[in-house]
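Computed from a predicted model, the values in this text were never measured in an experiment. Reminder, nothing fancy here: chain letters follow the sequence lines and each chain counts from 1.
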There are 2 protein chains.
Amino acid sequence: MQVFRNRLSQYVTLDDVIWSEFEKLQTQNKAYEAGDDLIRVGQRPKHVFLLTEGWAIRHRTLEDGRRQIVNFMLPGDVFDLQVLAGLEADHGVTAVNRTATMRIEADEFITMLKKSGPLASAFWWSAVQEESILREQIVRVGRRSARERIGHLLLELQRRLQAAIGSDNDVMPLPLTRTDLADALGLTPVHVSRTMSALRRAGLIEESRGRVKILDADKLARQSHFDMDYLHMRRLDLLNGSDGMNGHAAAHNGNGSSHQGLTASTLRPPRSRDY
Amino acid sequence: MQVFRNRLSQYVTLDDVIWSEFEKLQTQNKAYEAGDDLIRVGQRPKHVFLLTEGWAIRHRTLEDGRRQIVNFMLPGDVFDLQVLAGLEADHGVTAVNRTATMRIEADEFITMLKKSGPLASAFWWSAVQEESILREQIVRVGRRSARERIGHLLLELQRRLQAAIGSDNDVMPLPLTRTDLADALGLTPVHVSRTMSALRRAGLIEESRGRVKILDADKLARQSHFDMDYLHMRRLDLLNGSDGMNGHAAAHNGNGSSHQGLTASTLRPPRSRDY
DNA sequence: CGACCAATTGAGACAAGTCAAAGCATGTGG
DNA sequence: CCACATGCTTTGACTTGTCTCAATTGGTCG
């Protein structure tokens with residue numbers, strides 16, 4: 001429970017009154033073993049999941065067995081808000097290790113969203129952040145080398161774990177096999193193994209018994225092109241009150257960090273493509 | 001305007017009364033030339049965009065110039081709903097060709113969502129679908145060969161265009177350079193060129209003047225592992241009325257198409273990873 | 001007709017994949 | 001408590017898909 005308060009407080013100020021709204025919800029606890037499916041492809045789950053302990057993966061498998069892990073769900077994560085649309089899942093969700101969840105009936109969840117502005121706001125944020133994570137995953141897999149992918153993912157996971165658990169320790173659990181990593185990063189287990197050995201030899205990380213220690217986070221971040229702003233989300237309120245969405249609009253209207261790169265298209269107008 | 005009614009009607013039944021809600025909105029039209037930025041990294045846009053004509057890309061560029069296109073925005077698409085969170089954009093949105101947009105102030109948009117259940121529902125759906133597209137992009141880039149990536153993307157774009165415009169024609173505009181495709185698919189322009197030549201030689205597609213014709217959609221789909229169910233979203237209502245979210249919950253509780261693949265993990269329980 | 005920009009093609013290089021054999025843990029049963 | 005079985009990881013040798021560099025062709029627009 002505390003995990004969620006931690007997590008949602010990243011986004012929005014939650015005083016005890018608001019929080020009690022949340023605690024009043026009818027929830028149903030359920031635990032899973034490593035390898036159990038929380039959501040199976042083609043199912044139409046009727047509830048929203050809150051992950052309190054353990055890790056889970058969202059993944060899709062092609063007919064010939066190739067598997068892609070779309071993202072990782074860590075303690076404090078909420079999914080599938082999309083379920084509120086009543087759709088069949090087009091991907092599975094599976095526990096990586098022993099996992100504890102709270103489930104909330106879709107309609108009860110919706111009612112709660114309607115009643116409480118701040119909570120609606122917090123969950124909206126968490127959905128926005130999830131999308132941001134998906135986009136980053138696309139960039140990682142599409143445009144980074146194996147070494148960068150691994151370094152980048154480790155840093156992301158570390159950061160997300162810190163946000164959830166608050167352990168500012170530089171050693172973190174990593175309950176993933178090389179195959180899991182490979183399937184997340186679009187690589188082969190063999191190549192993941194080799195590349196992680198290289199990271200170890202380079203003195204960037206250290207591993208033992210399912211835990212990783214990031215020895216030189218700055219260097220790793222530089223080498224992986226990890227954007228230090230990524231997932232830094234300042235707290236802003238919206239929807240929570242009739243005024244919502246106002247105060248902040250004008251502030252900081254982005255000169256932007258302007259690391260624009262030197263794409264040809266910025267130099268001269270491209271040729272017309274209005275066929 | 002018709003584009004949106006087309007598009008949103010995919011998700012939810014919109015009668016004239018509801019639709020007039022939407023048409024009452026204060027909108028601001030704005031056109032862009034090819035290469036113009038609709039949203040720049042670091043900006044904090046104050047409105048939601050509706051794309052009425054033309055294509056746009058959402059992209060992110062690394063400091064060393066590598067660019068990844070995260071997804072394509074086609075006529076009828078709505079973005080960035082995330083902007084409602086008041087965050088700085090972590091990626092840019094740029095017009096591919098001449099583009100026409102309608103913009104709605106964030107707070108006005110929110111007010112509309114609160115007032116009209118069906119419209120809220122429709123936009124929620126469109127957000128869910130967008131996420132589904134992002135996930136599919138991850139699978140494409142992470143686990144598919146160059147040939148599959150291209151075939152798969154072409155089919156997705158075709159299907160999305162059909163949904164927006166309704167042209168059930170098998171020839172479609174493709175205002176993208178090989179570099180654009182490469183940046184979307186995590187490839188090199190050179191290799192995109194080679195691979196598309198191969199598709200042409202194989203009699204799967206035909207190109208001329210910024211248009212593609214898919215000659216054998218079935219074969220292309222099979223070869224690209226394009227899931228014919230992808231983006232087929234049955235219409236379901238939610239949020240729109242106090243009852244919402246009920247009727248459909250029980251139906252079709254997924255035996256699932258069960259093309260599960262033969263991952264080792266399905267055979268015997270994996271080793272414990274609870275360190 | 002030039003001037004550009006995009007697309008194509010070729011030759012060679014390299015990152016990542018494949019196949020296969022050891023090596024290490026962790027857990028279990030005698 | 002040791003020994004073996006199991007599943008994961010590592011390492012090696014070799015293959016391949018994709019990238020790089022560079023030159024040529026083709027289309028569009030002024």
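Between Phe79(B) and Phe49(B), the ring planes are parallel. Angles under 30° get that label, and only those over 60° would be called perpendicular. Ring planes of Phe226(A) and His152(A): tilted class, angle from 30 to 60°.
Atom-to-atom, CD1 of Ile150(A) to C1' of dT9(D) comes out at 13 Å; the value is rounded to the nearest Å. For the pair Leu185(A) CG and dA15(C) C1', the interatomic distance rounds to 15 Å; values are reported in whole Å. Atoms CG (Asp183(A)) and C1' (dC8(D)) sit 14 Å apart, rounded to a whole Å. Regarding Arg211(A), its CZ atom lies at a distance of 18 Å from the P atom of dA25(C), rounded to whole Å. With rounding to whole Å, Leu199(A) atom CG is found 15 Å from dT10(D) atom C1'. In this structure, Glu207(B) places its CD atom 13 Å from P of dG27(D), rounding to the nearest Å. Put simply, CG on Asn97(A) is 16 Å from P on dT26(C), counting in whole angstrom units.
Within the structure, a side-chain polar atom (N or O) of Arg200(B) is placed less than 4.0 Å from OP1 or OP2 of dT8(C). Between Arg209(B) and dG27(D) there is no side-chain N or O to OP1 or OP2 distance below 4.0 Å.
Looking at Arg222(B) and Glu148(B), no side-chain N of the basic residue comes within less than 4.0 Å of a carboxylate O on the acidic one, giving no salt bridge. A salt bridge is absent between Arg200(A) and Glu206(A); no separation between the charged side-chain nitrogens and carboxylate oxygens falls under 4.0 Å.
His59(A) and Gln68(A) form no side-chain donor-acceptor contact under 3.5 Å, judged by distance and modelled atom types alone. Side-chain N/O atoms of His91(A) and Arg135(B) include a donor and acceptor closer than 3.5 Å. Side-chain contact of Gln137(A) with Arg140(A): a donor-acceptor pair under 3.5 Å is present, judged by distance alone. Of the N and O atoms on the side chains of Thr101(A) and Asn29(A), not one donor lies less than 3.5 Å from an acceptor on the other residue.
Here Tyr32(A) pairs with nothing under the ring-ring contact (aromatic ring centres under 6.0 Å, His included) rule; sequence neighbours left out.
From one end of the helix from dC1(C)-dG30(D) to dG30(C)-dC1(D) to the other, with five pairs defining each end axis, the axis direction shifts by 30° (rounded to 10°).
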With B for base contact, S for sugar-phosphate-only contact and - for none (protein heavy atoms under 4.0 Å), nucleotides 13-19 of chain D reads B----SS
